[in-house]
Trainee: 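One structure is given below, represented as structure tokens, and several questions about it will come after.
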There are 2 protein chains.
Amino acid sequence: MARTSGSHSQITGPRLRAAALRLFARHGYAAVSMRQIAAEVGVQAGALYNYIPDKQGLLADLMRSHLEELLAAWDLEPKGTGPLDALEAFTRFHIRFHLERPDAVFIAYMELRNLDPRNFAEIEALRKRYETGLEDILRAGRAAGVFDLPDTKLATLAVIAMLTGVTTWYRPGGRLSAERVAALYWEMVRKAVGA
Amino acid sequence: MARTSGSHSQITGPRLRAAALRLFARHGYAAVSMRQIAAEVGVQAGALYNYIPDKQGLLADLMRSHLEELLAAWDLEPKGTGPLDALEAFTRFHIRFHLERPDAVFIAYMELRNLDPRNFAEIEALRKRYETGLEDILRAGRAAGVFDLPDTKLATLAVIAMLTGVTTWYRPGGRLSAERVAALYWEMVRKAVGA
DNA sequence: GTCTATAGGGAGATAGAC
DNA sequence: GTCTATCTCCCTATAGAC
């Protein structure tokens, strides 16, 4: 990207976040320098500090934005009627949302240990809120006799781990479309919860 | 740890590996310095290079050892008769083995991107071999009509992701024993594959 | 808002004494 | 086999000119 001079406040901010997201996902937060990010944005390293307080704040921002977007999108998702519909909606939503944002997902799962304690608590609370959304569905379905689950909490964690795992191997243009992947996972989830 | 002088070739090597395993798992490969590792071992940084070629070689060694131990242990595991027994054996083995080595597991999954291409190819091949062990079980069970699986390859990845996820939340002394956790996961896996 | 320059510190790795 | 000392390089973050 050509280096320019002058003011670009509308442009540099988003570009900074996009570059950091890509580089952190590819190489890891600790392995990426502010100079690398700046080079990708097309400015000098010092200029980045007009947009972020420090490197740690940048990481926390990326993770917070991702999780807030996730929660907002799930809130807006149609959930049908009853726990079985809701679980199918969750499964398809989770896979679609995560496959559309591989870099942000990767960072949100891998860089938790690089958050300082204050940021970690905040991010962890957001992650937990999303998890609770699934847990509520499973508990309701169990109470209604629709699901057969000996341990709702464990089932919640097992289902999320299984679904999120899709991001480690799925590549667009591969053997299966995202739609087909979601359908296959839904069938496995449905059976796993005894529905 | 008290600093001593003299020769400790029998002691320092294992201590170096143990310290690196712990620190890499806790803070990440890129965030840990050779000086930190040396301090934990109780020697100066330069002394570490009597045991490792460089930092990258240390990481590759830790991951290779872990995966070779995993493959050897699975080879020795009794697998019963038939695909259903074998799948149960795999499920219980995978959970037990992974819960006993949380640091090594964490590193093997999180630090792949910090391997240089040569080491990555080698480590990835070992991981793939383990994955194939499960895939063979699922394919055999499907052929025998014991499992109901629309896509064996995807089921393999889904099951491994679900099982490995246990390492992100399980803590010894928590609500569930490792035995109980394995039993609950086995029930979910069994249902998910339609057995 | 971005630049250049730099403060102040830490990184990986090696050399040679003991 | 470990030490001290050091090479060379890179890091985050800030200061002040434009």
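These values consider heavy atoms only, across backbone and side chains, with no hydrogens, waters or symmetry-generated copies. From a predicted model like this one, the values you see are computed outputs, not experimental measurements. Every chain is numbered from 1 and lettered A, B, ... according to where its sequence line falls, protein lines coming before strand lines.
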Trainee: Does the ring of A:F97 carry A:R101 above it, NZ/CZ under 6.0 angstrom from centre and within 45° of its axis?
Mentor: yes
Trainee: Let me have DNA chain C in dot-bracket notation, would you? Count Watson-Crick plus G-U wobble pairs, both distances under 3.5 Å, and use [ ] for pairs crossing earlier ones and | for inter-strand partners.
Mentor: ||||||||||||||||||
Trainee: In whole angstrom, what separates B:Y51's OH from C:dA13's P?
Mentor: 17 Å
Trainee: Establish, yes or no, whether the cationic atom of B:K55 lies under 6.0 Å from the six-membered ring centre of B:Y29 and within 45° of the ring axis.
Mentor: yes
Trainee: Has B:K191 got its NZ or CZ under 6.0 Å from the middle of the six-membered ring of B:W186, at an angle within 45 degrees of the ring axis?
Mentor: no
Trainee: Provide, to the nearest angstrom, the distance between the CG atom belonging to B:L58 and the C1' atom belonging to C:dG12.
Mentor: 13 Å
Trainee: Would you call A:R139-A:E135 a salt bridge at under 4.0 Å N-O?
Mentor: yes
Trainee: Would you indicate which nucleotide in D:dA13, C:dG1, C:dA13 comes nearest to any side-chain atom of B:Y49?
Mentor: C:dA13
Trainee: Is it true that B:E131 and B:K153 have a side-chain N and a carboxylate O under 4.0 angstrom from each other?
Mentor: yes
Trainee: Give the rounded distance in Å between these two atoms: CD of B:Q44 and P of C:dT14.
Mentor: 17 Å
Trainee: When rounded to the nearest 0.5 angstrom, what is the spacing between NZ in A:K79 and CZ in A:F90?
Mentor: 10.5 Å
Trainee: From the options D:dG1, D:dC3, C:dC3, select the nucleotide whose nearest atom is closest to the side chain of A:A47.
Mentor: C:dC3
Trainee: Side-chain contact test, heavy atoms from C-beta onward, threshold under 4.5 Å: evaluate it for A:M63 versus A:H66 and give yes or no.
Mentor: no
Trainee: Once you round it to whole Å, what is the distance between P of C:dA13 and CD1 of B:I52?
Mentor: 7 Å
Trainee: Report the distance from atom CD1 of A:I37 to atom P of D:dA13, rounded to the nearest whole Å.
Mentor: 10 Å
Trainee: Let me know the distance between CZ of A:R15 and P of C:dG1, rounded to the nearest Å.
Mentor: 16 Å
Trainee: Are B:I11 and B:L16 connected in the hydrophobic side-chain network, where two residues link if heavy atoms are under 4.5 Å apart?
Mentor: no
Trainee: Taking only the side-chain nitrogens and oxygens of B:T12, find out if one of them lies under 4.0 Å from OP1 or OP2 of D:dG1.
Mentor: no
Trainee: Name the pairs: protein N/O against N/O of nucleotides 6-11 of chain C, kept only if under 3.5 Å.
Mentor:
residue : atom : partner : partner atom : Å
C:dA11  : OP1  : B:S33   : OG           : 3.0

Trainee: Nearest to the B:D54 side chain among C:dA13, C:dT2, D:dA13, which nucleotide is it?
Mentor: C:dA13
Trainee: For A:H98 together with A:F106, are the ring centres under 6.0 Å from each other?
Mentor: no
Trainee: Nearest whole angstrom, please: distance from the P of C:dA13 to the CG of B:L48.
Mentor: 11 Å
Trainee: A:Y29 OH to D:dC11 P: how many Å, rounded?
Mentor: 14 Å
